[in-house]
Amino acid sequence: MSEFEDIFGVQPEVEASAPGRVNLLGEHTDYNDGYVLPIAIPQRTQVELSRSPDEWSRFRSMNMEGLVQYRAGGVFPSGFAAYLAGCFEVLREEVVNVVTPVNLLVRSDVPIGAGLSSSAALEVAALRGLRELFHIAVNDVNIALLAQQAEIRFAGVRCGIMDQMAASLADERHMLFLDTRTLERRLLPLPEHSELVVLDSGVPCRLAGSAYNQRRAECEEASRRLGVVALRDVRDAATANVLPEPLNRRVRHVVTENRRVLDAVSGVSAVEFGKLMNASHASLRDDFEVSVPELDCLVELLQKHPDVYGARLTGAEFGGACVALARTGRGYKVGKEVLVAYQAKGYYGSVLVA
Ligand code: GLA
């Protein structure tokens, strides 16, 4: 008997999945209408679904204890089930009101709290499953937009569109270059002679929700003062000098980070790409202030490694993972060696992708 049948007493009718992502460049630019460059990671979230026999939806995650029950208009669940119920509600309100309750089982190996978008993977997988189960005509971009609505409205994070677009449209072999204002996008190969290493700092992302919303509010305040629709419209970082601290540095980060993404997709070598990643980390650490000492230490160890072109923190941060561009075939060795050095400084990290 399958796990699904064991839990819900029926066979699943459909299954769907979506990957986590690692962002290579373009951090905290998406809610400023800017450019981003994520790529899918091998870890995925998979869902199985069937229609429920009654008015209750039932959600179960193999990563957690217990079954969560939810019915429209009832108490809204928390934790992983909030994302699922959120997707359900958004779909029902914005697309079709014939979506009926479901049984839904989640399996995932996307690390949680590491800045690799486990929530977007869950939302997109669930929406794909619901699309198939109820034969709903929504395309992959709409799936991403619905997933973003679910996150903003029901998980309370005023996120941009990067993670959900990556979960819905990226693959593991190409970087997804996305203009978050127009949603125009291109899939591009990694620079020649390079591969990715993703390491976890061992520090869970702290304060991510509240500090994230605060950064976003600062960027909105800066655009208002500069008289632009979004910081994407500021071309020259020196424009920010008229603003008080810390708004001036927030703007400088966004403007220079957008430039780095555009430079990175202009066909640069792995060496140049690596320098852009290093500059991105410094900007996130000093101007945007979203790093923590453990991540700075891990990134510095990566940057010093002879087989690494460049490294930076990735995701919203205040903990979690960092990403490096390494010489082809050396990624795993880089990860292992750097973690030994990290441990010698009293920290415990792990290799997530290499
Ligand atoms: C989180 C958000 C994204 C993006 C990143 C920072 O992952 O969900 O929309 O803003 O942080 O680049």
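In listed order, ligands and their atoms are each counted from 1. Fair warning: this is a prediction, and the values are worked out from it, not measured in the lab.
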Identify whether the distance between the nearest side-chain nitrogen and carboxylate oxygen of R71 and D54 falls below 4.0 Å.
no

Polar atom proximity, Y212 to ligand 1 (N or O, under 3.5 Å):
yes

Closest protein heavy atom to atom 8 (O) of ligand 1, given as residue, atom name and distance to 0.1 Å
D163 OD2, 2.6 Å

Side chain to side chain contact (heavy atoms under 4.5 Å, CB included) for V10 and F4? Distances and angles first, verdict last.
CA-CA 7 Å; V10 289; F4 191 96; 4.1 Å; yes

With a 6.0 Å cut-off on ring centres, are Y212 and Y31 close enough?
yes

Does the pair E220/R224 count as a salt bridge with the N-to-O cut at 4.0 Å?
no

Joint hydrophobic cluster, F76 plus L146, side-chain heavy atoms closer than 4.5 Å:
yes

I want to know if ligand 1 touches E27 in the polar sense, i.e. an N/O pair below 3.5 angstrom.
yes

Give the atoms of ligand 1, by number and element, whose distance to some non-hydrogen atom of C159 is under 4.0 Å.
2 (C), 8 (O), 9 (O)

Should the proximity of R21 to ligand 1, defined as any heavy atom under 4.0 Å, be assigned to the side chain, the backbone, both, or neither?
side chain

Who's the nearest protein heavy-atom neighbour of atom 9 (O) of ligand 1, and how far?
D30 OD2, 2.5 Å

Hey, can you tell me if Y347 and Y342 have their rings parallel, tilted or perpendicular (30° and 60° cut-offs)?
tilted

Identify, by atom number and element, the atoms of ligand 1 in contact range of M162, meaning under 4.0 Å from any of its heavy atoms.
4 (C), 5 (C), 12 (O)

